[in-house]
Amino acid sequence: MKIAFFNTKSYDRQSFNTANKQHQHEIIFFECHLSHETVSLAAGYSAVCIFINDYLDAEMLEKLAQGGTKLIALRSAGFNHVDLAAASHLGLAIVRVPAYSPYAVAEHAVALILSLNRKVHRAYNRVREGNFSIEGLLGFDLHGATVGVIGTGRIGAIFAQIMRGFGCKLIGYDAYQNSACLEMGMTYVQITELFAQSDIISLHCPLTPDSHHLVNAEAIAQMKTGTMLINTSRGGLIDTQAAIDGLKSGAIGYLGIDVYEQEADLFFEDLSNEVIQDDTFQRLLTFPNVIVTGHQAFFTSHALANIAETTLANITEFEQNGSCLNEVKIEQAIASK
Ligand code: NAD
């Protein structure tokens, strides 16, 4: 199939070229995002492949369909960046990579917890400057801490298992109880109880209209003073201004985020020579007890290879059968909301 890849970096091109040796699709890589300005580049390509920060609205989908595109292959699990109703109306199929390396994301959540708790980010800078004082670097034992997992699917369950290994007490909130989590001793509770009982809260649910700003001022008010909040899922799960207020009051004791509500204007680009205009984001960076990473939780060599292999296999399956097991159906998307 002729595939136009948008928003590609060197690591994407490398992993897809390797995986394509087996699939032999005709691929063109563009570095630019797929946007209103660049959508004409896709004309004549029966498939386009995009990442999480390429937003496809109805107008762009219409232009893609007019240009002969039949398939949109997402190099991601999430599909909240595509207008699914418009795609379905235009007869455009959407395929995704439901799971590429749940270990990568779960392990990154744990990296944020360990760094925040033992203040590795601050210790690293101090020691490099010849400051060996340990004042202000006091941590706590994870053993015995209560960890609240919101969303106990693939990533949440692996995260829970790792935290179980540290000797943490596990509580979870999800409409569906995961038998693997029950077996490792997780107790499912109401979300208000999870907010009230957890020392550490980690978000592993998708962003939907229901979960938008799941952590808002009201939720933060229910938390223990000094709770650690970790978000490796989607930025929109947290009301950032409420989190800043929580950090200022001490209600939130530690914040570790790999995702941010307005990340589309920032993440994945080198802006080190520019003045960042997002004051809310800049405020977050001023707190000593906040660590922000730029949506890198998925970024392991294993995950990149899985993403490339599954994406190209999805496209091959669609080309051969006119359908694909990893297709995102509009009904399924509505059901998950
Ligand atoms: P999954 O579908 O296996 O699990 C998600 C779980 O969340 C399900 O059990 C579902 O029932 C539950 N859920 C849905 N709505 C909920 C709500 N409002 N409250 C509580 N639970 C709810 O998905 P997964 O593979 O574990 O991925 C989880 C999330 O991780 C994805 O939605 C994605 O946003 C995020 N993710 C982030 C990265 C990254 O690099 N930072 C990479 C991959 C995935």
Measure the spacing between [atom1] of [X] and [atom2] of [Y] and express it to the nearest 0.5 Å.
| X | Y | atom1 | atom2 | value |
| --- | --- | --- | --- | --- |
| Ile230 | Tyr254 | CD1 | OH | 10.5 Å |
| Gln277 | Gln262 | CD | CD | 14.0 Å |
| Arg13 | Asn20 | CZ | CG | 15.0 Å |
| Asn289 | Arg122 | CG | CZ | 8.5 Å |
| Ile244 | Ile252 | CD1 | CD1 | 9.5 Å |
| Ile257 | Arg234 | CD1 | CZ | 13.5 Å |

Working for side-chain contact (heavy atoms from CB on, under 4.5 Å), residues Phe30 and Thr38: CA-CA 10 Å; Phe30 295 114; Thr38 62; over 6 Å; no
Donor-acceptor under 3.5 Å ([X] side chain, [Y] main chain):
| X | Y | value |
| --- | --- | --- |
| Gln222 | Phe195 | no |
| Asn216 | Glu218 | yes |
| Ser88 | Leu84 | no |
| Lys224 | Ser198 | no |
| Asp54 | His33 | no |
| Gln177 | Leu182 | no |
| Asn326 | Pro98 | no |
| Arg164 | Met184 | yes |
| Ser101 | Ala104 | yes |
| Gln22 | Ala19 | no |

According to a 4.5 Å side-chain heavy-atom criterion applied to Ile, Leu, Val, Met, Phe, Trp and Tyr, with indirect links allowed, do [X] and [Y] form part of one hydrophobic cluster?
| X | Y | answer |
| --- | --- | --- |
| Ile307 | Tyr11 | yes |
| Val97 | Phe5 | yes |
| Leu285 | Leu271 | yes |
| Leu237 | Val215 | yes |
| Ile200 | Val292 | no |

Stepwise side-chain contact (heavy atoms from CB on, under 4.5 Å) check, Phe299 with Leu304: CA-CA 7 Å; Phe299 197 51; Leu304 285 187; 3.7 Å; yes
Candidate list Leu92, Val82, Asp83, test side chain to side chain contact (heavy atoms under 4.5 Å, CB included), partner Leu56, passing option: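 Per the side chain to side chain contact (heavy atoms under 4.5 Å, CB included) rule, the option paired with Leu56 is Val82, out of Leu92, Val82, Asp83.
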Salt bridge (Lys or Arg N to Asp or Glu O under 4.0 Å) pairs, two or more places apart, involving residues 249-277: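 Residue pairs with at least one partner in residues 249-277: Lys9-Glu269.
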Determine whether the side chains of [X] and [Y] contain a donor N or O and an acceptor N or O closer than 3.5 Å.
| X | Y | result |
| --- | --- | --- |
| His121 | Ser115 | no |
| Gln282 | Asp278 | no |
| His204 | Asp174 | no |
| Arg283 | Thr280 | no |
| Gln190 | Thr192 | no |

Below 30° counts as parallel, above 60° as perpendicular, anything between as tilted: where do the rings of [X] and [Y] land?
| X | Y | result |
| --- | --- | --- |
| Phe51 | Phe268 | perpendicular |
| His81 | Tyr55 | perpendicular |
| His25 | His23 | parallel |

Looking at every heavy atom in both [X] and [Y], which two are closest together, and how far apart are they?
| X | Y | value |
| --- | --- | --- |
| Gly153 | Asn178 | O-ND2, 3.8 Å |
| Leu214 | Ala219 | O-CB, 3.7 Å |
| Ile94 | Ala87 | CD1-CB, 3.8 Å |
| Ala86 | Leu61 | CB-CD1, 3.8 Å |
| Ser211 | Cys205 | CB-SG, 4.5 Å |
| Val39 | Leu34 | CA-CD1, 3.7 Å |

Step through the shown structure and confirm whether more than 12 heavy atoms of other residues, nucleotides or ligands are within 6.0 Å of [atom1] on [X].
| X | atom1 | result |
| --- | --- | --- |
| Gln241 | CD | yes |
| His36 | NE2 | yes |
| Tyr103 | OH | no |
| Lys169 | NZ | no |

Stepwise side-chain contact (heavy atoms from CB on, under 4.5 Å) test for Lys248 and Phe287: CA-CA 9 Å; Lys248 284 167 76 176; Phe287 293 98; 3.9 Å; yes
Full working for side-chain contact (heavy atoms from CB on, under 4.5 Å) between Glu193 and Ile171: CA-CA 9 Å; Glu193 286 175 61; Ile171 55 177; over 6 Å; no
Side chain to side chain donor-acceptor pair (under 3.5 Å) evaluation trace for Thr152 with Tyr188: CA-CA 10 Å; Thr152 59; Tyr188 280 89; 2.7 Å; yes
With a cut-off of 3.5 Å and sequence neighbours excluded, list every side-chain donor-acceptor pair involving residues 66-77.
residue, atom, partner, partner atom, Å
Thr69, OG1, Tyr45, O, 3.0
Thr69, OG1, Leu64, O, 3.4
Arg75, NH1, Phe6, O, 3.2
Arg75, NH1, Cys49, O, 3.2
Arg75, NH2, Phe6, O, 3.0
Arg75, NH2, Asn7, O, 2.9
Ser76, OG, Gly78, O, 3.0

